[in-house]
> 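One structure is given below, represented as structure tokens, and several questions about it will come after.
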Amino acid sequence: MGRIKKILLNLCIGVVVLGVFIGAKTQEKIKIGAVLPLTGKSAQYGTWIQEALELGREEINAKGGINGKLLQIIYEDSQADPKLAVTAMEKLCTVDKVPIVYGCWASSCVLAQAPIAERTHTILIGEAISPKIRDAGDYVFRMQPDARYYIHKLVPYIYKKMRIRNVSISYINNDFGVDQADVFEKEFTKLGGNVLSKDAFAQGATDFKTDLIKIKAKNPQAIFVPGYTELAIILKQAKELGMTQQFFTSVPFENPAIVEAAGGAAEGVIYPHHFDPENKYILTKSYQEAYKKKYGRYSEGFAALAYDGMRIIAYVLKKCGENPEAIKNNLYNIKNYPGVTGPTTFDDKGDVIKPIVIKTVKNGRFVKIKEVK
Amino acid sequence: MIDIYLQLIVNGIIIGSIYALIASGFSLVYNIQRFINIAHGGMYVVSAFLAYYLIKKLGFSFLLGIPLTLLLCPTIGIIIDFLVYRRLENSPDRESILMIVSFGVFILLQSIVLLYFGGDIYSYGFPAKIGYNLFGVYITKIQLIIIAVTVIVFILLHLLLMKTKLGMAMRGVADDNIIASTLGVNVAFIKTVTFVIGTFLAGLAGILISFEQNLEYSMGLMAVLKGITASIIAGIGNVPGAIFGGLLLGIAENIGIFYLPSGYKDAIAFVILILFLFAKPHGLFGFKSREEIAG
């Protein structure tokens with residue numbers, strides 16, 4: 001290597017090292033991590049959550065940060081892939097040594113991250129619905145309610161308010177669908193309702209005409225269909241086949257792409273959700289306005305959960321500094337913490353207890369029917 | 001109860017028509033080119049998204065967007081043929097190599113679609129309307145169009161192969177391309193024409209299914225597998241027979257899942273495939289080749 005090259009190299013290293021020192025001196029920072037699907041198939045959800053976290057972070061820092069330290073979030077992209085989520089989690093916990101990691105958004109990722117959180121004593125706040133997360137560990141919390149929790153709130157509404165007694169269940173054949181169908185059946189029959197048929201369809205299936213004909217032959221009052229984007233075709237084909245039954249589904253239904261693809265057949269479908277963008281909570285209006293100002297549109301439900309999560313994180317960091325044991329104990333003691341998705345409480349397993357909104361589709365929009373506590 | 005069975009059969013015919021269109025194009029290419037072209041499923045996806053892009057994003061009318069897609073698809077088919085398949089024409093173990101390469105082309109096409117459109121579902125968002133009620137059977141306009149197109153394609157393919165000089169040349173090449181070429185048939189030209197028709201049919205199937213269901217980048221693999229199954233039921237290489245194979249497969253699947261959980265739909269199709277490969281490898285309308293008869 002030539003002399004000049006060597007000098008240049010040393011100079012570069014010197015500048016970088018100096019830069020790091022100067023950077024570190026200017027303002028003390030408190031870092032937390034976030035693992036989100038920022039690219040790939042689920043990037044939309046990760047981006048929404050990131051937007052809300054950033055909005056929350058800016059508000060916190062504008063008010064002086066956490067006990068004088070500026071809050072910083074280190075984002076890692078998981079692509080909703082458990083393998084990448086594990087790598088990201090490992091990096092945040094062992095290299096960056098953050099006390100808290102927010103996300104991932106996908107259940108499979110949160111379940112894969114949980115053992116690392118336990119091992120490194122890092123708080124993991126997931127935003128995912130799998131019932132398995134409930135028992136994933138002491139350091140694992142979540143902002144989104146358990147998938148079963150939504151059904152526990154939906155079923156009494158169907159049975160008592162709507163007076164529906166006979167249903168058929170058609171569910172997506174994966175962990176989520178099987179569990180939703182089982183919980184629905186158990187709760188509904190416990191109240192005295194009848195489940196006339198219960199059948200699975202394959203994830204990613206595209207033709208449901210015969211599934212629907214089978215249900216039509218049983219003539220139920222209503223149909224419960226936990227699934228994802230398949231709902232669009234199911235609802236459309238049900239209408240084409242002249243079926244008039246009331247449809248119920250679950251949380252993933254709140255996706256404008258489904259309503260658009262269903263071509264009007266999504267009208268009147270009833271489902272449980274965690275967020276009503278026009279709710280009466282005191283923070284909601286200012287949150288929605290700030291969100292709109294920054295991103296040009298109003299916030300949907302996943303972002304709203306993340307915003308509430310960010311505020312709770314700031315609250316516990318202020319109270320306990322970066323001590324994970326203290327943060328953990330304080331999180332377990334969070335009771336009715338106000339937020340844009342309603343008051344948040346964590347139960348003894350770190351699962352969130354919050355109001356559930358029974359919603360429907362009206363003129364192509366997701367609207368509230370009733371909030372159930 | 002009778003109307004339920006009729007509805008099942010109609011449901012089977014609708015999806016069977018799509019299988020039939022895929023199978024006929026696939027079978028045609030197999031017949032002339034003598035290899036299993038998995039990339040057929042890739043063209044199915046590409047055409048569905050291409051038509052969607054032209055119509056929904058660029059605002060073309062259906063009357064313009066559909067023919068344009070059906071023109072562009074064969075063009076892409078020819079490009080792939082010249083860039084990839086032709087270069088491997090004389091490689092040893094040609095059939096297996098081309099099949100594997102075509103799988104690579106399939107993944108490439110699918111990945112391009114994924115790159116540009118992402119993993120989301122797309123749909124034309126046609127308003128959902130109650131179908132026409134014919135003798136207790138519900139069927140929509142689009143479903144009727146799908147069936148009608150399949151019938152027309154069947155008739156045209158039959159006429160092309162049996163009544164035209166081009167069709168005779170195609171059959172000649174299918175039978176024995178060396179003899180055909182000594183008799184003055186331009187084999188290279190026939191192979192190109194075959195690709196044009198094959199990709200046209202894949203494109204047609206892709207466009208039609210996107211009107212009936214949603215578009216998803218991953219929809220090609222299962223479609224081409226069903227197409228292959230349908231052509232094996234008919235006897236691989238039997239082009240008009242492939243249409244019947246497709247319809248039969250669609251009906252069998254739908255009647256099957258009336259009694260079994262619907263998750264078994266694909267299993268039903270592939271059990272039929274295995275049964276045919278064991279018991280009737282030449283399919284319903286297939287013949288043994290000369291070499292096999294000679295033993």
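The sequence lines fix the lettering, A, B, ..., with proteins before strands; numbering per chain opens at 1.
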> Which pair of heavy atoms, one from A/Ile213 and one from B/Phe258, lies closest together, and at what distance?
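So the minimum-distance heavy-atom pair works out to CG2-CE1, 4.2 Å.
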> Where does B/Ile18 contact chain A at under 4.5 Å (heavy atoms): side chain, backbone, both or neither?
neither
> Closest heavy-atom contact between B/Asn214 and A/Ala232?
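Shortest heavy-atom contact: ND2-CB, 4.0 Å.
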> Non-hydrogen atoms of chain B under 4.5 Å away: do they reach the side chain of A/Ala265, the backbone, both or neither?
both
> Please evaluate residues B/Lys265 and A/Asp207 with respect to the criterion side-chain contact (heavy atoms from CB on, under 4.5 Å), reporting the C-alpha separation (whole Å), side-chain torsions for both, the decisive distance (0.1 Å), and the verdict.
CA-CA 10 Å; B/Lys265 185 190 273 180; A/Asp207 187 9; 3.7 Å; yes
> Atom NZ in A/Lys236, atom OG1 in B/Thr140: separation rounded to 0.5 Å?
8.0 Å
> So with a 6.0 Å cut-off around CZ of B/Phe62, is the heavy-atom count from everything else above 12?
yes
> Check this for me, if you would: do B/Glu212 and A/Lys209 make a salt bridge, where the nitrogen-to-carboxylate-oxygen distance has to be below 4.0 angstrom?
yes
> Under a 4.5 Å heavy-atom cut-off, does chain B meet the side chain of A/Gln44, its backbone, both or neither?
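When you check distances to chain B, no heavy atom of A/Gln44 falls under 4.5 Å.
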> Looking at A/Gly242, A/Ala205, A/Ala202, A/Ser170, which one has more heavy-atom pairs under 4.5 Å with chain B than the rest?
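When all of A/Gly242, A/Ala205, A/Ala202, A/Ser170 are compared, A/Gly242 has the most.
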> State whether the side chain of A/Lys214 and the backbone N or O of B/Ile257 hold a donor-acceptor pair below 3.5 Å, judged by distance alone.
yes
> I'd like to verify something: which residue of B/Lys129, B/Gln143, B/Met222 has the highest number of heavy-atom pairs under 4.5 Å with chain A?
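Maximum pair count with chain A is reached by B/Lys129.
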> Could you check whether A/Thr206 and B/Gln213, counting side-chain N and O atoms only, form a donor-acceptor pair closer than 3.5 Å?
yes
> Just checking B/Ile2: does its CD1 atom have more than 12 heavy atoms from other residues, nucleotides or ligands closer to it than 6.0 angstrom?
no
> Measure distances from B/Glu253 to the heavy atoms of chain A and classify the residue's part below 4.5 Å as side chain, backbone, both or neither.
neither
> Considering non-hydrogen atoms only, spot the tightest contact between B/Ser262 and A/Ala200 and give its length.
OG-O, 2.9 Å
> Take atom NZ of A/Lys294 as the centre, draw a 6.0 Å sphere, and report whether it contains more than 12 heavy atoms from other residues, nucleotides or ligands.
yes
> Hey, is OH on B/Tyr264 packed in by over 12 heavy atoms from elsewhere, all under 6.0 Å?
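Atom OH in B/Tyr264 is not crowded, with 12 or fewer foreign heavy atoms closer than 6.0 Å.
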> Below 4.5 Å from any heavy atom of chain A, which atoms of B/Ile14 appear? Answer side chain, backbone, both or neither.
side chain
> Does A/Lys132, at its NZ atom, have more than 12 non-hydrogen atoms belonging to other residues, nucleotides or ligands within less than 6.0 Å?
no
> What's the spacing between B/Tyr122 OH and A/Glu260 CD if we round to 0.5 Å?
11.0 Å
> Shorter than 4.5 Å, heavy atoms on both sides: which option in A/Asp199, A/Thr229, A/Ile258 has the most such pairs with chain B?
A/Thr229
> Show the nearest heavy-atom pair for residues A/Ala261 and B/Ile121, with the distance to one decimal.
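That would be CB-CD1, 4.5 Å.
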> Looking at A/Leu235, A/Asp211, A/Leu241, which has the largest count of heavy-atom pairs under 4.5 Å with chain B?
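Sorted descending by pairs with chain B, the first entry is A/Leu241.
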> Using a cut-off of 6.0 Å, state whether more than 12 heavy atoms not belonging to B/Tyr53 lie near its atom OH.
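12 or below, so no.
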> Tell me, with the steps shown, if B/Tyr138 and A/Lys216 meet side-chain contact (heavy atoms from CB on, under 4.5 Å).
CA-CA 13 Å; B/Tyr138 287 94; A/Lys216 199 179 177 185; 3.3 Å; yes
